[in-house]
Each structure stands twice: as C-alpha cells, then as structure tokens.
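Written out below as structure tokens is the structure these notes cover.
Just so we're on the same page: letters track the sequence lines, and every chain starts at 1.
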Amino acid sequence: MFNWLFARRMGGKFILRIEDTDQKRNTPTARQQVMDDLRWLGIEWDEGPEVGGANGPYLQSERKEKGIYDGYVKKLLDEQKAYYCFDTAEELQVMREEAEAQKKGFVYTRPERFPDEKEVEKAKAGGGPVTVRFAVPEKGTVVVRDVVRGEVSFDSGEIGDFIILKSDGFPTYNFACVVDDYLMKVTHVIRGQEHLMNTPGQQLLWEALGFGELPNYVHMSVTVSESGGKLSKRERPTALRKAIKAMGGAGLKKLAEAGGATVEEVKGFVEGKATPDMPIVDSMAKYAGVELPEINVVDFFRSGYLPETMVNFLSLLGWNPGDKREIMTAAELTEAFDLTRLTKSNSLFDRDKLIAFNTEHIKVIEGERLLGHFKDYLKVVESPLVAADDKLLSKMIRACEGARTLADIERKSRFIVLADERIEYDEKAVKKVLLKGEGLEALRAVREKLSEMEEFTHKAIEDMLRGLAEERGVGLGKVAQPLRVAICGTTISLPIFESVEMLAKENTLRRIDNTIEKFETRAEI
RNA sequence: GGCCCCAUCGUCUAGGCAGGUCUAGGACACCGGGUUUUCAACCCGGCAACAGGGGUUCGAAUCCCCUUGGGGCUACCA
C-alpha cells in the first residue's frame, strides 16, 4: 500500500511482483487472494500479473522457469563469489545448536576450498541436497542507507554466507529480489522493518553482481497487535484454539464436520500440533459462533468495513500527513504522501479507532459508492437483503445514519425483507418491552391506530405515535418499543418510523397480530 | 544468547533533524453531563504522556552516553 501511495505521489510506476519462491507456502489461491485484496482496497498496479508490462513475467516462480536467475548464479559461481554446498538440514541444525551453546550468533563457516564440478556431480548423483551459497565479502562494515533510519552499519563478518539457490532449484527471496529489482529497474524498496537485517546481504549481492547504483531502501515500522508481536495470520487459528479449549472439548466431532476436517485433525489442532487451512478455521469458527480477530484484508471486508476506511487507517499507522487531518480519501493520501514522514517506532493496531474511522467514512462517502459497497458486502455475507432492490437499500442506508459498519446497517435492516416466520424474538426484549407493564396493551392501541391510517409515510407514522403517546400520557418509547419488538423481534433496528414505512402497512399489521397472538397468554401482571 | 531497530497521554501521533514560542497540540478510547423512539450518531466538559539515570548548555521532550523496556532478525520463509 505504501509502495502504491509513493508511486502515485511521484508519478512513478507501481509494479506488483509475486515472490512465490517457497513451493510449500505459495498456492494459486493465496496469490489470487492477495490480488483480490489489493483491488478491493482500490490499489491497482501498473504492471504485474493479469495486467502485464514490459518487465514481466511478474511471478518469481515463472521467472525461475524461464531461467532468468540461472545466469546470475552461474556468474557468481564462475567468479568464485558463490559456491556449492551439500549440507543436510540435520547438519545445519547441529551447527546452529553449537553456536547457541557458545552463546554466539550462528555464522556459516565457509569451507577452505569450494567444491569442484566433480564433487557436485557426485553429490547430485547421490541424491543429497545441493545448494548454492553466496560468499559474503569479508571486508568489514556494510552501511545501509535507509530513508527512515539513516545509516545503519553491519559487520560483514556476522552476515554469513547465505543460500541463494535452494536444493529444489528455486532461488531464495534474498537472491531473487535483488536480481528482479535490478531487472525491473526498481528505484525504491519500501518494506517492513523485518527486512532490515536482509538488506546488507542484498546490498552485497547487488555489488557482487555489478548492478551499479543501489535502489533506495525504506524500512517502515512494524504494526503489532494487541497480543504483542507483529500482526500475524496465526492469530485467527490461535483465537479459535482458545475458544475450543474453553468449550471444554465438547462437540469436536460436529466441529470437524462443520470445518470439513477429520476429528483427528481437529484434535491435533487443539493440542497445538497442526494448523488447518484458513477456510477450515473460518467455517469451524462460524459453526462454533466464535468471533475471530480480523487479520486479512478480506476479514475486514466481511466485518463491514469500507475499503476507504482501511486504506486511510492503515496509512496512518506509521505515517502522517504532518497536519491535523485524519479522515482522508485515497486522492488526499496520495497527494500528501511523503517518505520523510514515515514513523520510526512500531505501532499497535487499534480496533476501536478503526471503527471510529469507519463510522466517519460511512458518513462522508458518496451515496452511490456506499450503496455499491453495501451490495458487495451483502453478497459475501449472504444476507437476505441481497434480494432487496437499490431503492430500498438506499432508504435503509439513509435511515441508518450513524452506523459504524455495514454490518450494523445489515443487522438493523434485514427484518424488513425476512419472512414472518423467520423473525426471531429476543427473549430479553420480549420480557422487558412486551410482557412487563403495558407493553401488549400499548401494542394493541398502536395496531388500531395504524390500521386506520391511509397515508403510510414515516412522517404520518411519527405523528400518530407521538399523538398516541401523549394520549396515553407516556413517553414515546412506551409505544414505539413494543411496536419495534413486534416487527423485528429485537430492540435494535432502524429508526421506528422509517422501519414501519418500509415494512408497509399490511406486513406491519400482520406482524403485530402474530406477536400479540404469540405472547398474550404469557403476559405478566 | 548474538545482531539490528525503536522509546511523547491507555492507543495512533504532532513537536525532535535547525534546543527557549511546549504550563507538550490533535484524534481514538475512557469518565461526567446533554440530546434521544432502540442501537448508534451528535453536542459540551474532563482525565491523561516527554521510561529512568547521567551529561552538554544560561536553558533539553528536543543533542550525547548508560540503564531499562518493547519490537525485529537469527531458515534451503518471505
């Protein structure tokens, strides 16, 4: 997002490159999700997958297939700047443990002599792992000039020869990004602070490859979550695990069924042995009625946040425009964006403030746009309101002034289109509003007045209800609340006058009758 | 453990680079009050911070050092 803001500000190009060199983690769906998320946020790339451009292909896996990295590996090998290694994972593990026992940082020990072709052939024939490591120049200090942090020095003796080509033939991130940044003529590398330690190595590689002038490095602060560490995808499964444990291990079988997993898998998950895929986690949470913290962009979408809110809010974590503005449009953000105003310290993701931002954006966004977002939202959460037409939806949105999320609007409006038999009466609301005191009696009076009305507008309904309240010598709430519970089952809905107008006369009367019939025998004195 | 980064209200931050104008500003949260047909929204008011210790200086939130605390990296992950 910051790369995009910066490119837009400078009139440069924003390139989307998919760094999918880890075969274990990167799947087509994950890639698609990233692109969907970006597009939902309104972040369009000038070059990249599905868009094309002069610097493609844009998937590192595809670039690897085309042999783009081969020549660079060979060049380093030929110049003795890189060498083959045959260590197994176990051997490396032992080396690390030794270093730890000596309370020293692990630095790979370079062999006295680099393996020759024959040895490589032999190792390959033997089926053991063959990797290529970069021989880090032993020249003392590497200085990274970082835009936010100034000059950061590293002792090259502590960097250690890192792997640039894995045994599966894929380049590592640290190697591929250097080659690709050069080939794609990347001018600014804007990324999280977690990459700062990678930079001296990348810089050294850049020089060893003879790529010339370095790109500008910009390491931004990390956003941490309430629980401490950096915001991570793991938080969702962790939250679910906690919730299942709290349930006391009951219903594991049903849970597994709901998630489409085996009981063993769920058990292993609860015991912390394994983590199922996100869709499984999501459906189990839905089944268990557990609210998981939003982590991925799509989670926020499903919770009813606007893309405008997310871009605005996220941009203000680790950056600010230098004046007192907070609620800003994407256009205002790109106009104001400035690398020098990036914050150095980490920031905490505050959901309360996010909600406040969303409330504000719902208030100021253009009506048509909001309607569009609302319809998108209704689709993903499979709301009964998908059946409603634009006119009705717009009315609902307008009546729901002050809503915090799209979920608010949906929740308060859905009763309008729900079939009568699907209205769920909230027990607490029924007791408090209908059964106690004059509730049902007031409802009968409301019903009678309503049935006599010819013009069924929110204005006329308001006049009637206010008049009735006065007549009975009570506050408006005494007549409005029973009506509200009668038509929607709860005490939370759109404003009552608009609600009744939207429901229309016939439906309103029928729901009142249903309610009276259902609860009159239960009335308390 | 090693290396690196960071440090202003509970949170996001302004101010710091060009020390005095900072009795430290804003926003969110919180607390009190108002408005009110529910939930929200809205209006008014309030609480609340320069992590600690040394320096430098006439003067330090601002510059330097140490301590402490937080975070990151320490992978054939990115």
| Looking for any heavy atom pair under 4.0 Å, which part of the strands does A:Glu158 touch: base, sugar-phosphate only, or nothing? | sugar-phosphate
| Length of the line joining A:Phe154:CZ and B:C4:P, which is rounded to integer Å | 8 Å
| message | Please determine whether a side-chain nitrogen of the Lys or Arg among A:Arg110 and A:Glu138 lies less than 4.0 Å from a carboxylate oxygen of the Asp or Glu. | response | yes
| said: Using a strict threshold of under 4.0 Å (side-chain N to carboxylate O), is an ion pair present between A:Lys166 and A:Asp168? | reply: no
| Relative to A:Phe106, does A:Arg96 satisfy both conditions: NZ or CZ under 6.0 angstrom from the six-membered ring centre, and within 45 degrees of the ring's axis? | yes
Show the distances under 3.5 angstrom between N or O atoms of the protein and N or O atoms of nucleotides 74-78 of chain B.
| residue | atom | partner | partner atom | Å |
| --- | --- | --- | --- | --- |
| B:A75 | OP2 | A:Arg96 | NE | 2.9 |
| B:C76 | OP1 | A:Arg96 | NH2 | 3.1 |
| B:C76 | O2 | A:Ser167 | N | 2.7 |
| B:C76 | O2 | A:Ser167 | OG | 2.5 |
| B:C76 | N3 | A:Ser167 | OG | 2.9 |
| B:C76 | N4 | A:Asp87 | O | 2.9 |
| B:C77 | OP2 | A:Lys166 | NZ | 2.5 |
| B:C77 | O2' | A:Asp22 | OD2 | 3.1 |
| B:C77 | O2' | A:Arg25 | NE | 3.3 |
| B:C77 | O2' | A:Arg25 | NH2 | 2.9 |
| B:A78 | OP1 | A:Thr21 | OG1 | 2.3 |
| B:A78 | OP1 | A:Lys166 | NZ | 2.8 |
| B:A78 | OP2 | A:Tyr173 | N | 3.1 |
| B:A78 | O4' | A:Arg25 | NH2 | 3.2 |
| B:A78 | O3' | A:Glu19 | O | 3.4 |
| B:A78 | O3' | A:Glu19 | OE1 | 3.4 |
| B:A78 | N6 | A:Asn198 | OD1 | 3.3 |
| B:A78 | N6 | A:Asn198 | ND2 | 2.8 |

| said: Does A:Phe170 reach a base, just sugar-phosphate, or nothing at all? Heavy atoms under 4.0 Å. | reply: nothing
| request: Sticking with atom C1', work out how far B:A27 lies from B:C73, rounded to a whole angstrom. | output: 33 Å
| request: Whole angstrom is fine here: how far is it from CG in A:Leu342 over to C1' in B:C17? | output: 16 Å
| message | Roughly how many Å apart are B:G69 and B:G25, using the P atom of each and rounding to a whole number? | response | 30 Å
| said: Which nucleotide, if any, forms a Watson-Crick or G-U wobble pair with B:C63, using both distances under 3.5 Å? | reply: B:G55
| request: For nucleotides B:G55 and B:C9, find the distance between their C1' atoms and express it as a whole number of Å. | output: 28 Å
Quick test: give all pairs of protein nitrogen or oxygen and nucleotides 7-14 of chain B nitrogen or oxygen below 3.5 Å, distance rounded to 0.1 Å.
| residue | atom | partner | partner atom | Å |
| --- | --- | --- | --- | --- |
| B:C12 | OP1 | A:Leu348 | N | 3.0 |
| B:C12 | O2' | A:Leu316 | O | 3.2 |
| B:U13 | OP1 | A:Gly318 | N | 2.8 |
| B:U13 | O3' | A:Asn320 | ND2 | 2.9 |
| B:A14 | OP1 | A:Asn320 | ND2 | 2.6 |
| B:A14 | O3' | A:Arg341 | NH2 | 3.4 |

| query | Under 4.0 Å between a Lys/Arg side-chain N and an Asp/Glu carboxylate O for A:Lys353 and A:Asp350? | reply | no
| query | Between the side chains of A:Tyr69 and A:Asp180, does any donor sit under 3.5 Å from an acceptor? | reply | yes
| query | Taking the P atom of each, how far is B:C6 from B:C66, in whole Å? | reply | 14 Å
| said: Considering every strand and a 4.0 Å limit on heavy-atom distances, what is the contact class for A:Glu401: base, sugar-phosphate, or nothing? | reply: base
| request: Using whole Å, report how far CD1 of A:Ile409 lies from C1' of B:U38. | output: 16 Å
| Does A:Arg17 pair with A:Glu19 as a salt bridge, N-O distance under 4.0 Å? | yes
| said: Among residues at least two apart in sequence or on other chains, which ones pass ring pair (Phe, Tyr, Trp, His ring centres under 6.0 Å) with A:Tyr83? | reply: A:Phe114
| Looking across every strand, which nucleic acid part, if any, lies under 4.0 Å from A:Lys324 by heavy atom: base, sugar-phosphate, or nothing? | sugar-phosphate
| Between B:A27 (C1') and A:Phe313 (CZ): distance, integer Å | 11 Å
| message | Using the C1' atom as the point on both nucleotides, what is the distance between B:G59 and B:U21, in whole Å? | response | 14 Å
| request: Provide the Watson-Crick or G-U wobble partner of B:U68, both distances under 3.5 Å; none if there is no partner. | output: B:A7
| field | Ion pair check, A:Asp408 and A:Arg411, cut-off under 4.0 Å | value | yes
| request: Give, ordered by number, those residues of residues 456-463 of chain A having at least one heavy-atom distance below 4.0 Å to an atom of RNA chain B; if nothing qualifies, reply none. | output: none
Find every protein N or O atom lying less than 3.5 Å from an N or O atom of nucleotides 42-52 of chain B, and list the pairs.
| residue | atom | partner | partner atom | Å |
| --- | --- | --- | --- | --- |
| B:C42 | OP1 | A:Lys363 | NZ | 2.9 |

| request: Take atom NZ of A:Lys478 and atom P of B:U38, then tell me their distance rounded to the nearest Å. | output: 11 Å
| field | Interatomic distance where CE belongs to A:Met197 and P belongs to B:G71 [whole Å] | value | 17 Å
| Flag, side chain of A:Gln33 to backbone of A:Pro28, donor-acceptor distance under 3.5 Å | no
| Paired nucleotide for B:G1 [Watson-Crick or G-U wobble; both distances under 3.5 Å] | B:U74
| field | A:Ala99 backbone acceptor or donor facing A:Lys104 side chain under 3.5 Å | value | no
| query | If we take the P atom in both B:A60 and B:U68, what is their distance in whole Å? | reply | 26 Å
| field | Side-chain donor-acceptor contact under 3.5 Å, A:Thr199 with A:Arg191 | value | yes
| query | Taking any strand in view, what nucleotide pairs with B:A40 in a Watson-Crick or G-U wobble way, both distances under 3.5 Å? | reply | none
| Same-atom distance (P) from B:U13 to B:U8, integer angstrom | 9 Å
| message | I'd like to know if A:Glu119 pairs up with A:Lys124 as an ion pair, taking the criterion as any Lys NZ or Arg NE/NH1/NH2 lying under 4.0 Å from an Asp or Glu carboxylate oxygen. | response | no
| field | Nucleotide paired to B:G46 in any strand shown, Watson-Crick or G-U, under 3.5 Å | value | B:C30
| note | Among the nucleotides B:U38, B:G26, B:C5, whichever has the atom closest to the side chain of A:Leu196 is B:C5
| field | Contacts of A:Arg466 that satisfy salt bridge (charged side-chain N to carboxylate O under 4.0 Å, His left out) - sequence neighbours left out | value | A:Glu462
| B:A14 and B:G26, which share atom name P, separated by this distance in whole Å | 15 Å
| task | Under 4.0 Å between any heavy atoms, over every strand shown, what does A:Arg149 touch: base, sugar-phosphate, or nothing? Just pick one. | result | sugar-phosphate
| request: Run the salt-bridge test on A:Glu501 and A:Lys395 with the 4.0 Å N-O cut-off and return the result as yes or no. | output: yes
| Within the side chain of A:Asn312, is there an N or O that forms a donor-acceptor pair under 3.5 Å with the backbone of A:Glu308? | no
| field | Distance, rounded to the nearest Å, where A:Asn358 contributes CG and B:C28 contributes P | value | 14 Å
| task | In whole angstrom, give the distance that lies between atom CG of A:Asp338 and atom P of B:C17. | result | 18 Å
